[in-house]
Amino acid sequence: AYSTVSTLAGHISHRQSAITGSCKLCLSAINNRTTIVAAEIEGNALISVESQVKSRGTVRLAGCNTNFLGQVQVMNSGSSSLEYRPTLEFTCPEALGGPLEDAHYDYHLVQGYAQLWPVNSMTLDRENCGFFVNGPCSVHCTNGIEFILKEHTTWKGEMTKTGVGTLELTSANLFANTFISSNGYLNAKSDSCFGSGTVKLCGNSATNTFYGVTVPNAIEILDTSTTQVQLKLVDYTTNVFNGAITPNYRINMSVPAHACMCVNGGITKGYLNLAGTGTYVFGGKPLKITDRTRTDSAVTLIFRVAGN
């Protein structure tokens, strides 16, 4: 029987040719197996994590690759199915390479139908840690993992956060299509962290926390009668939602004592549950609640539009 995990240890020197100017190190795994690259990688050439045709595998970069200044790309075999997506796991920011002398936003390339998987809690905040994602892609955060994405990242397609861990977005990101958080915890700490696309929140007991931001995006709550999605604020912040909020069934909001939630884009339907001891301000477009509204006794409600 074949082992499901293969490990490369030692040292890998990988430099592009001074004559051709190009060189590529291909790493792959097939049939749901994992290749762990524990070796320290140095050089300035390209590392390509690739899936095989009609096969799914994982490559884990586990070395401290501070002397690697090249680009990492994750390439799909051409299949337009998440079933055969390649997965890039990385154990720390240094696994993706060392600091560059010049700023390089969107440095690493991820083709569509691929998955990024931080193995440990970490913060990507160096200028060569951003990703350019060309197509549908997912970021998986397992239980107890906190993945903080501070670096500018461009997503030319649908991006999905999976897993019950935490994804924190703190920088300006360009989501040209849709951002989906399917489970766990999502922290929004920048006005433009969702880009310009639609935000879809779903999952069972998913908590989405906003830290004093103004959100221009339309938000869809993809819940059911048996799942709960929560919009939560932190204390001593004011958060503004300028896009329409559309719950499939119910929207749960929680505002602490010294915080304020301003809903200017309206709520288009559903059952509204307002919790906490803070202030809710409904302005801009009218509310169109199609079911009941429940409030805790200590909340403050301010209506600035006729019809609310």
Practice item. For Gly63 and Cys92, work out which heavy atoms get closest and say how close. Key: O-SG, 4.4 Å
Review point. Does a side-chain heavy-atom distance below 4.5 Å link Leu124 with Pro93?
Key: yes
Study note, to complete from the structure: Residues Phe131 and Val110: closest non-hydrogen pair is CD2-CG2, 3.7 Å
**Study point:** Exam field: side chain Lys189 to backbone Cys193, donor-acceptor pair closer than 3.5 Å
**Key:** no
Study note, to complete from the structure: What one should report as the nearest heavy-atom pair of Pro256 and Leu233 is CD-O, 3.4 Å
Check your understanding: Should Thr35 and Leu27 count as side-chain neighbours, where that means a heavy-atom distance under 4.5 Å?
Key -> no
Exercise for review: State whether the side chain of Asn183 and the backbone N or O of Thr162 hold a donor-acceptor pair below 3.5 Å, judged by distance alone.
Suggested key: no
Exercise for review: Output yes when a side-chain donor or acceptor of Asn187 lies under 3.5 Å from a complementary backbone atom of Asn208, and no otherwise.
Suggested key: no
Exercise for review: Could you tell me whether the side chains of Thr198 and Thr178 share a donor-acceptor contact shorter than 3.5 Å?
Suggested key: no
Review point. Is it the case that Arg85 places NZ or CZ above or below the six-membered ring of Tyr113, under 6.0 angstrom from the centre and within 45 degrees of the axis?
Key: no
**Study point:** Backbone of Lys269 reached by a side-chain donor or acceptor of Thr290 within 3.5 Å
**Key:** no
Review point. Hey, does the side chain of His108 reach the backbone of Val72 with a donor-acceptor pair shorter than 3.5 angstrom?
Key: yes
Study note, to complete from the structure: Shortest non-hydrogen pair, Ile145 vs Val119, comes out as CD1-O, 3.2 Å
Check your understanding: With a 4.5 Å limit on heavy-atom distance, are the side chains of Gln230 and Ser254 in contact?
Key -> yes
Review point. Can you tell me if Lys285 uses its side chain to pair, donor with acceptor, with the backbone of Leu287 under 3.5 Å?
Key: no
Exercise for review: Could you check whether the rings of His140 and Trp117 sit parallel, tilted or perpendicular, using 30° and 60° as the cut-offs?
Suggested key: tilted
Exercise for review: Could you tell me whether the side chain of Ser171 and the main chain of Lys150 form a donor-acceptor pair under 3.5 Å?
Suggested key: yes
Point to revise | Asn239 (side chain) donor-acceptor with Gly212 (main chain) under 3.5 angstrom | key: yes
Review point. Just checking, any donor-acceptor pair under 3.5 angstrom between side chains of Ser121 and Glu146?
Key: no
Exercise for review: Check whether any side-chain heavy atom of Ile47 sits under 4.5 Å from a side-chain heavy atom of Phe68, and report yes or no.
Suggested key: yes
Review point. Does a sphere of radius 6.0 Å around OH in Tyr280 hold more than 12 heavy atoms from other residues, nucleotides or ligands, not counting ones at 6.0 Å or beyond?
Key: yes
Review point. Distance only, no hydrogens: is a donor on one side chain within 3.5 Å (strictly under) of an acceptor on the other, for Thr66 and Glu94?
Key: no
Review point. If we only count heavy atoms from C-beta on, is the Glu158 to Phe179 side-chain gap below 4.5 Å?
Key: no
Review point. Do the ring centers of Phe210 and Phe241 come within less than 6.0 Å of each other?
Key: yes
